[in-house]
Amino acid sequence: MNYVEPIKSREDIRKVEDWLDKRSKRNRLIFAIGVNTGLRVSDILGLNISDVYNKTYVEIREKKTGKYKKILLNSKLQTLLKEYLKNLKNSNEPLFIGRKGHRLHRSQVYRFLNEACEAVGIKENIGCHSLRKSFGYHHFRQYDDIVLLQKIFNHSSPFVSLAYIGIEQEDIDMSYKNFEL
């Protein structure tokens, strides 16, 4: 399995989202859910309409861990979901379906995500897990609380979370460069 990177630039995230929005509201929503919640793509694709229809929270049982998770949908996601669902009725049907009417597969997400990133000039190795890692990276940058992020991700230690989101030597070096007593 290849190691994938988070999208570390907020501007790049906006570029990808804008590029996707012009081509597919479904793909934009998948991307937005990923970078705004930190859910794994398998959990996003496992959502049904009834899981999000007129809801402020998503409640799931994670596919990988089997753990219960309750996630607040921010105002941006609520707006995007309302628009996406405006012509749909509340049902237990999959939220995201492909052209053949079946639940979307992660390989399809991988393809559109890489196409979008390449189109906007992102050079890093990007994959489905980049959405979750991007959430983590920006959440940590905004709140500077690795223990909270560890809890959100259900990681075993803060060190696992730091490595996971791509806090690398360059970030450590920058902290030394900008630290002076």
Side-chain angles (χ1 to χ4, degrees), residues 1-53 55 58-69 71 73-74 76-77 80-81 83-88 91-139 149 152-155 160-161 163-166 168:
M1 181 159 128
N2 291 335
Y3 180 80
V4 298
E5 297 288 332
I7 302 171
K8 293 184 176 180
S9 161
R10 284 183 180 264
E11 182 181 337
D12 284 346
I13 287 174
R14 299 291 172 259
K15 286 179 185 176
V16 170
E17 197 166 349
D18 290 345
W19 191 89
L20 289 170
D21 190 45
K22 292 174 185 164
R23 287 153 184 82
S24 169
K25 301 295 184 199
R26 178 199 70 189
N27 295 353
R28 179 199 183 189
L29 181 57
I30 292 168
F31 180 81
I33 291 173
V35 298
N36 281 278
T37 66
L39 284 173
R40 291 178 183 88
V41 167
S42 58
D43 292 324
I44 296 170
L45 297 180
L47 292 172
N48 291 327
I49 293 169
S50 60
D51 294 326
V52 297
Y53 195 87
K55 304 248 174 107
V58 171
E59 297 181 64
I60 64 163
R61 184 144 317 269
E62 291 180 320
K63 290 189 186 317
K64 181 177 179 180
T65 66
K67 293 180 180 177
Y68 168 80
K69 192 165 205 144
I71 299 166
L73 296 170
N74 63 27
K76 175 181 180 171
L77 290 179
L80 290 173
L81 282 162
E83 176 66 23
Y84 183 74
L85 296 170
K86 71 181 176 187
N87 297 321
L88 297 174
S91 73
N92 266 345
E93 296 294 317
L95 180 60
F96 301 113
I97 56 172
R99 289 189 183 120
K100 296 181 180 178
H102 300 290
R103 191 177 294 275
L104 205 62
H105 189 266
R106 70 180 294 114
S107 63
Q108 293 162 294
V109 175
Y110 178 84
R111 277 194 293 276
F112 80 65
L113 183 57
N114 271 274
E115 182 182 0
C117 288
E118 185 177 320
V120 302
I122 296 173
K123 305 289 185 223
E124 288 79 16
N125 190 22
I126 300 296
C128 293
H129 225 51
S130 294
L131 303 180
R132 181 171 163 88
K133 288 183 173 195
S134 298
F135 164 84
Y137 180 84
H138 291 282
H139 191 281
L149 191 59
I152 290 169
F153 281 158
N154 290 317
H155 285 162
V160 170
S161 297
Y164 182 82
I165 62 175
E168 300 167 345

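Here the structure is a predicted model, which is why all the values come from computation and not from measurement.
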Check: Leu104 and Val109 side chains under 4.5 Å, non-hydrogen atoms = yes
query = When rounded to the nearest 0.5 angstrom, what distance separates CZ in Arg10 from CD1 in Ile13?
reply = 7.0 Å
message = Could you measure the distance from the CG atom of Asn154 to the CD atom of Glu62? Nearest 0.5 Å is fine.
response = 5.0 Å
key: side chain to side chain contact (heavy atoms under 4.5 Å, CB included) assessment of Glu93 paired with Leu88   = CA-CA 10 Å; Glu93 296 294 317; Leu88 297 174; over 6 Å; no
note = Separation between CZ (Arg40) and CZ (Arg132), nearest 0.5 Å, reads 4.0 Å
ask   = Okay, side chain of Lys8, backbone of Gly166: is any donor-acceptor separation there less than 3.5 Å?
value = yes
Identify each donor-acceptor pair in which a side-chain atom of residues 41-50 lies under 3.5 Å from a protein atom, sequence neighbours left out, and give them as a table.
from: Asp43; atom 1: OD1; to: Lys63; atom 2: N; distance (Å): 2.9
from: Asn48; atom 1: OD1; to: Arg103; atom 2: NH2; distance (Å): 2.7
from: Ser50; atom 1: OG; to: Ser91; atom 2: O; distance (Å): 3.4
from: Ser50; atom 1: OG; to: Asn92; atom 2: OD1; distance (Å): 2.7

task = Look up atom CG in Leu81 and atom CG in Leu95, then write down how far apart they are to the nearest 0.5 Å.
result = 6.5 Å
ask   = Could you give the distance from CZ (Phe153) to CD1 (Ile165), rounded to the nearest 0.5 Å?
value = 7.5 Å
key: Ring geometry between Tyr84 and Phe96 (parallel below 30°, tilted from 30 to 60°, perpendicular above 60°)   = tilted
query = Can you check whether Tyr137 reaches Val35 side chain to side chain, under 4.5 Å on heavy atoms?
reply = no
inquiry  = I'd like to know if Glu11 and Arg14 make a salt bridge, using a cut-off of under 4.0 Å between side-chain N and carboxylate O.
reply    = no
task = Say whether, by atom type as modelled, one donor and one acceptor occur between the side chain of Asp51 and the main chain of Val58 under 3.5 angstrom.
result = no
query = With distance as the sole test, does Lys133 use its side chain to make a donor-acceptor pair with the main-chain N or O of Val4 at under 3.5 Å?
reply = yes
message = I need the Ser134 OG to His129 NE2 distance, nearest 0.5 Å.
response = 11.0 Å
task = Spell out, as yes or no, whether a donor-acceptor pair under 3.5 Å connects the side chain of Glu83 to the backbone of Leu80.
result = no
Show the atom names and distances, to 0.1 Å, of all donor-acceptor pairs under 3.5 Å that link a side chain in residues 24-31 to residues at least two apart or in another chain.
from: Ser24; atom 1: OG; to: Arg26; atom 2: N; distance (Å): 3.4
from: Ser24; atom 1: OG; to: Asn27; atom 2: N; distance (Å): 3.1
from: Lys25; atom 1: NZ; to: Asp21; atom 2: OD1; distance (Å): 2.8
from: Arg26; atom 1: NH1; to: Ile97; atom 2: O; distance (Å): 2.9
from: Arg28; atom 1: NE; to: Glu17; atom 2: OE2; distance (Å): 3.1
from: Arg28; atom 1: NH1; to: Asp21; atom 2: OD1; distance (Å): 3.4
from: Arg28; atom 1: NH2; to: Glu17; atom 2: OE2; distance (Å): 3.1

Could you pull out every donor-acceptor pair under 3.5 Å between side chains of residues 113-124 and any protein atom, sequence neighbours left out?
from: Asn114; atom 1: ND2; to: Tyr110; atom 2: O; distance (Å): 3.1
from: Asn114; atom 1: ND2; to: Ile126; atom 2: O; distance (Å): 3.1

task = Inspect the surroundings of NZ in Lys22 and state if more than 12 heavy atoms from other residues, nucleotides or ligands are less than 6.0 Å away.
result = no
